[in-house]
Each structure stands twice: as structure tokens, then as C-alpha cells.
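The structure appears right after this line, and notes come after that.
Worth saying up front: this structure is predicted, and the values here are computed from it rather than measured. All heavy atoms count here, side chains included; hydrogens, waters and symmetry mates do not.
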Amino acid sequence: MSVWVTEEVMRWGLRLCSRRSLWQQRSFLETTSIKDKSFPSQQLAHIWGTRQNQAFLDRSLVSSVRFYSQSSIHNADLEEKEQHLLPPLADSLLPAKIQSDATASRQIQRHSPFMEHLQRCDSPSDVLDLTYQYSLTARQVQNCLTHIWDITKKMSDEQLRYELQLMFEHPAFDRLLQMAMKKMGHMSTDSMAYSLLSMVKLGVPQSSLVVQTFLRTCQENLNGFDEKGLSILASSLEHMEDSTNVVALKEGMRLVFEAHLPRFKNVTSLQTMMRLLGKDASLDLKLKLEANALSMIDQFSLPNTHYMLFTMATIGFYSRPLLDVCSKTIKENLQGIPFTRLLKVLQSCKALYYRDFELLTGISDYVASTTDIWTNKQMVFFLFMFENLAFCPTALMEAFADRVIANPDALTRKNLLCVLKVYASLNYDLQHQRQQFLDSLSQALDFYLPKMSAFGLLKAVYHLCLMGHFPSAPLEQLLQSSTLEKFKTTAPRFLPSQESMFQTVNLCLRLERPPLPQPLTVPPSVLGDPGPRSLSVNPLLLKGLQSMLGDQADTMLQEMVVVENVYLIDGVITKPLPNHTSVTEASSCAGEERSPAESSQRIAVICTPHSGFCYGTSNPIGHLAVKIRHLKILGYNPVLVRKQELQSVAKEKRTDFLRRHVFPDHQRSDTQPKVEQPGS
């Protein structure tokens with residue numbers, strides 16, 4: 001026994017020496033710059049959890065263990081006397097998403113010497129030092145853990161890194177966790193949940209004995225948890241990786257939640273539980289969630305609205321009524337919404353495939369009208385998200401173009417590539433600003449050319465070509481033999497994308513013939529096997545065109561026409577022109593290679609999905625926009641028929657529907673006499 005005591009004393013002495021060494025450096029380290037400013041709690045869990053990978057649940061609570069090393073210790077100091085449980089912790093100390101309703105209990109806490117001392121603690125070490133002065137009750141143990149977490153939430157990254165290091169080395173932290181396990185049986189369900197949440201947030205390793213014991217005990221007492229306790233517990237599990245106890249507890253909470261769903265009357269608690277249920281919840285349960293959430297619409301604050309939208313995106317829960325309610329509230333309160341929330345609104349809309357034209361327009365107009373408060377990086381993020389939604393934010397694109405024209409050098413290389421992609425994809429016409437904007441982008445690109453990778457240069461040139469702009473410097477650098485040589489080592493998974501971009505650049509150079517200092521061509525070695533991306537055509541369109549042209553002997557229909565070995569046209573209608581002279585003159589100007597037959601016009605009918613257009617408009621985007629531009633150069637008159645509209649038209653009306661699209665001039669001439677009535 002004396003040997004055991006000697007070893008124990010030596011071990012505690014070493015710990016205290018280590019602790020004193022760290023504390024002596026505290027004033028110095030608080031003013032020292034630390035290169036690695038990112039030190040989340042999960043990293044701490046990894047660093048201090050390397051020695052606790054052995055099995056833990058088979059250990060007894062009597063032989064308590066250090067939370068990360070699991071070396072056996074037994075302290076007589078842990079045998080404290082139970083005191084009366086203190087009231088719940090004050091609201092200001094709770095997580096942001098979980099507010100305490102114990103307003104009255106705060107009056108009692110003010111008269112508690114322990115709580116008064118605890119409130120004055122402004123570092124984890126202060127709290128741990130305080131635990132030596134009191135024989136803690138179960139509620140006080142929970143208060144200590146929660147207060148430590150509340151303190152760390154307000155710290156900078158550097159301070160947090162150092163304070164957590166001190167906390168993990170402090171001998172009282174082990175003692176506090178051991179007391180938490182010992183007092184667990186005397187904790188209320190709320191205290192149990194708060195303690196677990198605090199430990200998880202502070203980075204106590206999730207596979208440690210204390211965390212796993214709390215998980216197991218929560219599971220055993222699950223029927224005793226109310227709405228608030230379940231919400232706190234769900235917040236804890238949301239940040240934990242799956243393990244045997246985590247999965248079992250989640251499953252138990254699903255059953256309890258489903259059984260008591262009608263009792264949930266708090267919006268935040270409902271949303272937290274929805275996140276816990278996740279994407280695997282049954283359709284029947286999701287419908288119940290929708291009904292319950294809709295019954296609380298009057299309680300929705302603006303943060304509740306944001307969080308409901310984020311929650312639905314997280315769990316893949318598409319509810320049009322809820323989305324419309326959230327969208328309406330956000331539209332009416334755009335002023336003052338911070339960048340991160342606005343961006344998450346757009347990300348959630350993307351995740352849910354939900355697009356509200358008024359909401360997206362409102363966000364675009366709001367950002368464009370407040371450009372002074374946004375950085376280039378933030379505005380580029382907005383543009384990128386709008387492009388992902390296939391929505392053209394007109395006001396924002398014009399405002400950002402003005403900023404680029406005023407100061408093109410302010411664009412970083414990454415932002416420049418993103419801007420090129422967005423403006424090329426959305427095919428927005430800046431009209432009188434177009435050339436000035438493109439020249440500004442070219443100026444910024446020229447600055448980064450020496451530092452740009454071969455693939456980055458290809459993407460930049462490709463997007464410029466999509467916009468019909470051909471600056472010589474990046475083109476010449478891309479098509480140099482030294483640059484082209486680098487593309488031979490491209491990984492197979494990137495090869496199709498690379499070849500497709502080179503094919504587009506090659507086609508643009510060949511068909512649009514830009515004025516360059518020297519002729520440039522793309523070598524066949526990087527083009528791969530050119531060809532149309534798809535050889536399938538819409539059968540409804542072809543049948544409709546055949547029916548429409550059946551009684552016109554002078555009109556010819558060609559099906560599945562491939563142009564330039566790249567572009568597939570569903571149907572080409574060749575029709576005689578009444579005026580041969582004008583066509584001949586136009587053809588000679590355009591060039592023999594690209595001109596149609598002198599005595600006829602060619603109408604290229606293309607069936608296109610909604611994804612080929614900007615949302616809410618008839619403006620083609622991306623490859624479709626380039627395809628139309630090139631078909632016009634080649635002498636075709638492109639006519640776009642939306643696939644969804646064609647399918648929605650009744651069979652007997654399909655011919656008239658196509659005739660209105662293919663021959664709109666004829667329709668206008670037929671209706672003209674009816675409009676201009678004599679004597680009107």
C-alpha cells in the first residue's frame with residue numbers, strides 16, 4: 001500500500017510541476033503570435049486522445065480513470081457530501097440554440113456563494129481552481145462544465161488554443177470529470193444533457209470513459225427526458241461521430257420523439273430534433289414534422305426562419321409550404337442579414353432544388369445596393385452560388401462589373417477564375433460595358449499568367465472563349481508547345497473535361513476567326529475524339545415536326561443533323577426564300593463555308609431542357625448559348641423548344657404549338673388583319 005501511495009504522490013507531483021510550468025508562461029503566451037490560429041475542439045480531442053483507444057466500457061466507475069489516458073487512480077477526495085441541488089444555470093451561460101427557461105431560479109443563484117464565485121471566473125483554469133474550494137453537488141458539477149464552455153466560446157482562436165491546453169493539463173479537470181461520472185445518478189436529465197454537450201464542445205475525446213458513460217446513462221433514462229432535454233441531447237449527438245452508444249441513443253431518441261411529437265411546442269427544439277432524425281426519417285414522420293412546424297408558424301422569428309431553411313437542407317426535407325413561408329419572411333427582412341446567413345440561404349435553396357424568383361432577385365438587388373459593405377471575396381461567393389442555381393442576378397452582375405472595371409488588380413487569382421466562370425456560364429449581356437469589362441478581366445489575367453498552372457490557364461481561356469473574347473497573351477501561352485506538353489500527364493478522370501474545353505477553344509477559333517497577331521490553332525493531340533455529347537433526339541418533337549410539315553411540298557425536314565462534328569440538331573427545316581438576292585449578298589459577306597443555300601433558309605429546331613436557360617427567363621446559358629452563336633455563324637436560324645413545355649402540351653395541340661415556335665412570323669401575319677379592324 002505504501003508503494004502505491006508513493007507512486008501516486010510522485011505522479012501528482014509531476015502533474016503539478018507540468019501545470020506550474022504552463023501557468024508561468026501564461027502571461028507571455030497570451031501576447032505571443034501563434035501561426036496556427038485554427039485549433040478547433042476536435043483537434044484537441046485528437047491530440048489528447050491518442051492514449052485512450054483501448055476498450056473502456058468494461059471499467060467500473062469505482063476505479064475511475066483519467067479521461068484520455070485511462071490510468072487507474074482512486075481518490076478519497078471524491079467522497080463528498082451531497083448538497084441541495086442548485087437551480088438551472090442562467091440563460092447567458094447556455095448554448096446559443098438552447099435557451100434556459102429558469103428565470104426565477106437566477107434570483108436564488110445570486111445568493112449562492114459558489115455561483116457568485118463561478119460567475120467571476122473568466123478562464124477554465126479559474127473554474128477548475130474553484131472546484132478545490134467546494135464539495136460540489138451534481139448541479140454544481142454541471143454548472144462548472146457549462147461555464148467553462150461558455151467562457152471558451154468568447155475567446156479568440158489563439159487564446160482558446162492556450163486556455164484549452166491549460167485546462168487539459170490541469171489536475172482538477174480529471175477530478176471534475178470523475179465527479180461528473182460519480183454524480184451522474186443524482187443529475188436531472190437536463191443537467192446530464194448539458195454536461196454531455198459541454199464535454200463534447202470542449203473536445204473531451206468521444207471514445208473516453210466519461211463521454212461513453214454519459215451516453216449510456218442518457219440512453220437508460222431516455223424516457224425521463226422532456227422536450228428541452230431531448231433538444232440539448234440532440235445538439236450533443238449532432239457533433240459526434242457514430243459509435244455503438246451514439247447510434248443506440250439516436251435510435252432511442254427517434255422513437256421517443258415520434259411518440260411525443262405533438263407535445264413539441266418550441267420551434268428551436270423541433271428543429272434540433274429534425275436534424276437528429278436526418279435524411280433516413282420515414283415519409284410519414286416527415287409529414288408529421290411538416291404539420292407540427294406549420295402549426296408553429298406564428299412563433300417563427302427571423303433566426304427561426306433561417307434555421308428552419310438550413311435544417312430542411314441538412315436533412316433533405318422538401319416542404320413547399322414551409323419553404324414558401326421561410327422565403328417570404330427572408331424577403332421582407334433582407335436588410336441587416338449577415339453574409340454567412342445570406343450565403344447559407346442560397347446554399348440551402350441549391351441543396352433543396354428550391355428557387356423562388358422574388359427571393360433570389362431580392363438578394364441580388366440587396367447585395368448590389370450595398371456593395372460598400374461587401375468584399376470582393378464575398379461578392380464572388382454570392383455570384384458563384386447564383387450560378388449554381390442557374391439564376392442570373394442582373395443587378396449584382398452589373399454592380400460587380402463596375403467594381404472590376406474600376407479596379408481589376410484587386411481580383412485574386414482564385415476570384416478571377418470564379419468570375420470568368422460565372423459570367424461565361426450565365427451569358428449575361430453587359431451591353432455598353434461588355435468590352436470594357438472583358439478588357440479588365442484580360443488585364444487581371446495577364447498579371448497572373450506567369451503564376452498560373454496549365455489547367456488553370458485552360459479554364460480561363462475556355463471561359464473567355466465562351467464569352468466570345470479572345471485576348472492574345474493567354475491564348476499564345478496556352479498553345480505554346482511547352483504548355484501543351486504539361487497536359488500529357490493529366491489524370492484519366494480529368495481527361496474528358498480537358499478535351500472538351502480544348503474542343504470548344506478550337507471551334508471558337510475556327511468559326512469566329514478572331515483578329516489575332518498570329519494565327520493560332522489547337523493541335524489534334526489534345527482534342528481527343530470530338531463528337532456530339534448525345535446522339536438522342538426527342539421523338540415527340542420529330543413527330544410534331546413531321547405532322548406540321550406534312551402538307552408543305554416545298555419544305556424539307558432533316559432529322560438528327562450533326563454540325564461540325566460537335567453540335568447535334570434535332571431537326572433542320574429547309575425552306576425556300578422569297579428573296580434570293582438578299583440571301584446571296586448576306587452569304588457572300590459571311591463566307592462560302594458558313595453560308596446556307598442561296599435560295600433557302602435553314603431552321604435548326606433544338607429541343608432543350610429547362611436547365612439550358614437562366615431560371616425564370618428564356619436566356620440560354622453555357623454550352624447552349626455558344627451552340628446558338630455558332631449555328632448562326634454557320635447560317636442556321638436556331639429555334640429552341642423547351643422539352644417540358646412540349647411534353648405538357650396535349651397531342652392534338654402539339655402541331656399548333658410547334659408552328660407558333662418555328663414560324664412565329666407566319667402567326668403574326670395571320671393575326672394581323674384581326675388586330676387592325678376597319679374604323680378602329
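Nearest heavy-atom pair, Phe173 versus Met167, reported as atom, atom and distance to 0.1 Å: CB-O, 3.3 Å. The minimum heavy-atom distance linking Leu233 with Cys218 is given by the pair CD1-SG, 3.9 Å. The two residues Asp150 and Lys154 have their closest heavy-atom pair at OD2-NZ, 3.6 Å. Between Ile315 and Arg275, the shortest heavy-atom contact is CG2-CA, 3.8 Å. Contact record, Asp122 with Ile151: O-CG2, 3.6 Å, taken as the closest heavy-atom pair. The minimum heavy-atom distance linking Ser236 with Val200 is given by the pair O-CG1, 4.1 Å.
Here Phe168 contributes atom CZ and Leu202 contributes atom CG; the two are 7.0 Å apart, rounded to the nearest 0.5 Å. From Met184, atom CE reaches atom CZ of Phe214 across 4.0 Å, with rounding to the nearest 0.5 Å. For the atom pair CG of Leu342 and CD of Gln378, the computed distance is 10.0 Å after rounding to the nearest 0.5 Å. To the nearest 0.5 Å, the span separating OG on Ser301 from CG on Asn304 amounts to 3.0 Å. Atoms CG and OG, from Asp226 and Ser269 in turn, are 8.5 Å apart once rounded to the nearest 0.5 Å. Summarising the geometry, atom OH belonging to Tyr354 is positioned 7.0 Å from atom OH belonging to Tyr318; distances are rounded to the nearest 0.5 Å.
Remark: side-chain polar atoms of Asn221 are not paired, donor with acceptor, to backbone N or O of Gly224 under 3.5 angstrom. A side-chain donor-acceptor contact under 3.5 Å links Lys350 to the backbone of Asn388. Asn292 places a side-chain N or O within 3.5 Å of a backbone atom of Leu261 that can act as its donor or acceptor partner. Within the 3.5 Å criterion, the main-chain N or O of His239 finds a donor-acceptor partner in the side chain of Gln206. Side-chain atoms of His147 come within 3.5 Å of backbone atoms of Leu118 as a donor-acceptor pair (strictly under, hydrogens ignored). Between the side chain of His117 and the backbone N or O of Pro113, at least one donor-acceptor pair lies under 3.5 Å. A distance-only check finds no donor-acceptor pair linking the side chain of Gln142 to the backbone of Met187 [under 3.5 Å]. Looking only at distances, a side-chain donor or acceptor of Arg175 sits under 3.5 Å from a matching main-chain atom of Thr131.
No option in Asp356, Leu346, Ile337 other than Leu346 meets the side-chain contact (heavy atoms from CB on, under 4.5 Å) test with Ile363. Here the rule is side-chain contact (heavy atoms from CB on, under 4.5 Å) with Leu277, and of Lys250, Lys286, Glu258, Arg254 only Arg254 fits it.
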| query | Could you go step by step and tell me if Met274 and Phe264 meet the side chain to side chain contact (heavy atoms under 4.5 Å, CB included) rule? | reply | CA-CA 11 Å; Met274 288 171 64; Phe264 274 71; over 6 Å; no

| field | Steps toward side chain to side chain contact (heavy atoms under 4.5 Å, CB included) verdict (Ser231, Asn266) | value | CA-CA 10 Å; Ser231 177; Asn266 181 274; over 6 Å; no

| task | List the steps and the verdict of side chain to side chain contact (heavy atoms under 4.5 Å, CB included) for Phe257 and Leu289. | result | CA-CA 10 Å; Phe257 176 66; Leu289 288 170; 3.4 Å; yes

| request: Evaluate the side chain to side chain donor-acceptor pair (under 3.5 Å) criterion for residues Asp324 and Ser327: first the C-alpha distance (whole Å), next the side-chain angles of each, then the deciding distance (0.1 Å), finally the verdict. | output: CA-CA 5 Å; Asp324 288 343; Ser327 178; 5.9 Å; no

| task | Evaluate the criterion side chain to side chain contact (heavy atoms under 4.5 Å, CB included) for residue pair Tyr307 and Val267; output intermediate values, then yes/no. | result | CA-CA 10 Å; Tyr307 192 53; Val267 178; over 6 Å; no

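Inspection of the His170 and Asp129 side chains reveals an N or O donor paired with an N or O acceptor under 3.5 Å. Side chains of Lys344 and His306: a donor-acceptor N/O pair is absent below 3.5 angstrom, by distance only. Side-chain contact annotation: Ser319 with Glu290, donor-acceptor N/O pair under 3.5 Å present.
Using bins of under 30°, 30° to 60° and over 60° for the plane-to-plane angle, the ring pair Tyr366/Trp374 lands in the perpendicular bin. Classification of the Phe339-Phe381 ring pair by plane angle, with boundaries at 30° and 60°, yields tilted.
With a 4.5 Å cut-off on side-chain heavy atoms, Leu177 and Leu145 count as touching. Residues Leu230 and Leu222 form a side-chain contact, since some pair of their non-hydrogen atoms from C-beta on lies under 4.5 Å apart. A 4.5 Å side-chain heavy-atom check between Leu215 and Met240 finds at least one atom pair inside the cut-off. Side-chain contact check for Ser295 versus Lys265: every heavy-atom pair is 4.5 Å or farther apart. Counting heavy atoms from C-beta on, the side chains of Pro393 and Leu383 come closer than 4.5 Å. Looking at heavy atoms from C-beta onward, Phe317 lies out of side-chain contact with Leu352 at the 4.5 angstrom threshold. Contact annotation: the side chain of Tyr162 never approaches that of Ser123 to less than 4.5 Å [non-hydrogen atoms, C-beta and beyond]. Leu396 is listed as a side-chain neighbour of Met379, based on a closest heavy-atom distance under 4.5 Å.
Annotation: Asn223, atom CG; neighbour count of heavy atoms from other residues, nucleotides and ligands within 6.0 Å does not exceed 12. Within a 6.0 Å sphere centred on CD of Glu220, other residues, nucleotides and ligands contribute more than 12 heavy atoms.
Note on Arg161 versus Asp157: no salt bridge recorded, every NZ/NE/NH1/NH2 to OD/OE distance being 4.0 Å or above.
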